[in-house]
Amino acid sequence: MERLKQTISIAAAILAVSIALAGQPCSAQQADKPAAAQAEASDTRSDADILMLRQQLYERLSIVSEIPWYRIAAIDQYERTLSKAKPKLRPQLGDVSGVFIEEEQWAGPLNPDMADTSPVSIQWFNGVGRDGDGDGIADRNNDLDLLYSITSRLLQHGGSTEDDFAIGLWDYYRNSRAVQRIQQFAQIYAAHERLDLFEHAFPIPVGTNNYSYRSTWGNARSWGGRRSHEGTDIFAPYGIPVRSTCYGIIEVKGWNPYGGWRIGIRDLNNYYHYYAHLQGFDKSIGVGSLVNPGQVIGWVGSSGYGKPGTQGKFPPHLHYGVYRDRGLIEWSFDPYPLLKKWETDERKRLRTHG
């Protein structure tokens with residue numbers, strides 16, 4: 001294990017040099033630049049540039065750690081989703097990485113210097129901070145150091161197999177939801193072999209005029225007790241296809257007394273997309289299946305409000321809801337603005353392609 005740690009440190013140092021020689025921007029390079037210049041450089045980069053830099057980080061760390069790049073990407077993306085859910089508590093530390101590590105966790109709980117950057121003393125106080133780029137500094141604001149610090153923890157349990165990976169995640173997060181989410185993200189990345197997986201589709205084919213919807217989030221509901229409406233109802237005739245709005249993985253499929261035949265899909269933003277009152281499901285998909293934007297997952301119906309198979313207690317429609325994961329809990333938010341945007345974007349794509 002000691003030899004492996006030395007190999008990783010050396011290889012990471014080579015990585016930093018190769019990035020510098022190739023002219024790739026990274027937080028270590030920008031350390032001597034004024035803050036205003038760093039911010040200006042970040043603002044001029046496109047989303048594609050940022051994804052490319054992340055991909056390079058993941059692949060090079062994968063070479064030296066033997067952890068597949070898509071698992072490293074999944075950890076980074078999960079960290080990013082938590083920070084987006086709680087931006088005040090989790091400010092961005094790195095340049096392109098989403099990893100957030102508290103000062104106390106980085107330096108060690110008994111370390112008298114919470115700003116410690118010495119890898120030796122940090123390790124002595126059982127901190128997680130590590131030197132990933134070989135400059136002798138464990139910098140909490142350095143992308144390589146942040147990602148390397150987490151992968152180093154995973155390597156304590158092997159890290160190369162699926163079981164080792166899951167055990168390492170549990171040891172680091174102590175949260176079964178975190179383990180599940182990161183494994184789901186890794187499956188999505190591994191299947192598509194790329195990071196740019198944030199395209200969306202409207203849940204009903206927009207080529208038809210046989211649907212209508214308005215914002216109904218938060219409206220009162222009475223069946224099954226007083227509760228609020230956690231979604232948007234899209235009214236359409238029986239049998240109209242219902243489509244996945246995202247790249248994701250099916251997390252739930254089956255009957256719910258309130259939602260009838262329903263499907264739940266998890267995406268890379270850590271959003272849970274909930275489709276309810278379906279007439280039926282596409283038989284080719286099940287729990288664990290990966291789906292793409294626009295892929296048919298079922299059909300509009302009027303199921304629910306009773307025992308399995310109950311139909312027709314209300315007009316046919318799709319109930320579509322979205323929930324954000326905060327790490328330990330999920331809460332719903334109004335999907336109407338997203339639906340309007342996806343509908344508009346899809347109409348533009350249809351016009352562009354004739």
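All values reported here derive from a predicted model rather than from experimental measurement.
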With rounding to the nearest 0.5 Å, note down the distance linking [atom1] in [X] to [atom2] in [Y].
X	Y	atom1	atom2	value
Y78	Q180	OH	CD	10.0 Å
Q105	N111	CD	CG	13.5 Å
H317	L278	NE2	CG	10.5 Å
Y272	D325	OH	CG	12.0 Å
E102	L89	CD	CG	8.0 Å
D135	D145	CG	CG	6.0 Å

Decide yes or no for [X] and [Y]: does some side-chain heavy atom of the first lie under 4.5 Å from some side-chain heavy atom of the second?
X	Y	answer
Y274	Y320	no
K84	N270	no
Y247	D267	no
T310	W255	yes
L82	F100	no
H200	C246	yes
P237	V300	no
I67	L155	yes

Is there a path from [X] to [Y] through hydrophobic residues (I, L, V, M, F, W, Y) whose side chains come within less than 4.5 Å of each other?
X	Y	answer
V296	I250	no
I188	Y70	yes
I50	F198	yes
L144	L51	yes
L338	V242	yes

Do side-chain atoms of [X] reach the backbone of [Y] as a donor and acceptor pair under 3.5 angstrom?
X	Y	answer
R54	V96	yes
W124	G108	no
R262	G304	no
Q55	L57	no
Q184	I249	no
D143	S97	yes
T117	I137	no
S302	G312	yes
Q92	D95	yes
S149	R130	yes

* To do: Evaluate the criterion side chain to side chain donor-acceptor pair (under 3.5 Å) for residue pair T161 and D163; output intermediate values, then yes/no.
  => CA-CA 5 Å; T161 70; D163 288 343; 5.6 Å; no
* **Test of ring centre spacing under 6.0 Å for F281 and Y275** =>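 No, too far apart.
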* Below 6.0 angstrom between ring centroids: does that apply to Y305 and Y258? ->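 So the answer is no for these two rings.
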* With H277, the ring-ring contact (aromatic ring centres under 6.0 Å, His included) member among Y238, F235, F314, W261 -> F314
* **Candidate pair Y148 and V99, rule side-chain contact (heavy atoms from CB on, under 4.5 Å), full reasoning** => CA-CA 10 Å; Y148 175 62; V99 172; over 6 Å; no
* Within 45° cone of Y323 ring axis and under 6.0 Å: R266 NZ or CZ ->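 Pair R266/Y323 does not count as cation-pi.
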* Asked: Does the ring of F165 carry R71 above it, NZ/CZ under 6.0 angstrom from centre and within 45° of its axis?
  -> yes
* Carefully, step by step, assess R153 and Q156 under the rule side-chain contact (heavy atoms from CB on, under 4.5 Å). => CA-CA 5 Å; R153 291 293 296 267; Q156 295 176 8; 3.7 Å; yes
* Could you please spell out the steps behind the side-chain contact (heavy atoms from CB on, under 4.5 Å) verdict for E66 and I63? => CA-CA 6 Å; E66 297 185 354; I63 291 173; over 6 Å; no
Minimum heavy-atom distance [X]-[Y], with the two atoms named:
X	Y	answer
P335	G321	CG-CA, 4.5 Å
Y213	D233	CB-O, 3.3 Å
P109	F125	CD-O, 3.7 Å
A236	Y211	CB-CB, 4.0 Å
V287	K253	CG2-N, 3.9 Å
I101	V128	CG2-CG2, 3.7 Å

* To do: Establish, from distance only, whether the side-chain atoms of S284 and D282 form a donor-acceptor pair under 3.5 Å.
  =>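 Side-chain D/A pair, S284 to D282: present.
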* Could you go step by step and tell me if Q77 and N269 meet the side-chain contact (heavy atoms from CB on, under 4.5 Å) rule? -> CA-CA 8 Å; Q77 181 61 19; N269 285 316; 4.3 Å; yes
* Residue of the set L147, L154, I72 for which side-chain contact (heavy atoms from CB on, under 4.5 Å) holds with S65 ->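 Testing each of L147, L154, I72 against S65, the sole residue satisfying side-chain contact (heavy atoms from CB on, under 4.5 Å) is I72.
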* Asked: Can you tell which of Y173, Y58, Y172 makes a side-chain contact (heavy atoms from CB on, under 4.5 Å) with I75?
  ->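 Single side-chain contact (heavy atoms from CB on, under 4.5 Å) partner of I75 among Y173, Y58, Y172: Y173.
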* Salt-bridge present (R349, D345; N to O < 4.0 Å) ->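 Not counted as a salt bridge, because no side-chain N and carboxylate O are separated by less than 4.0 Å.
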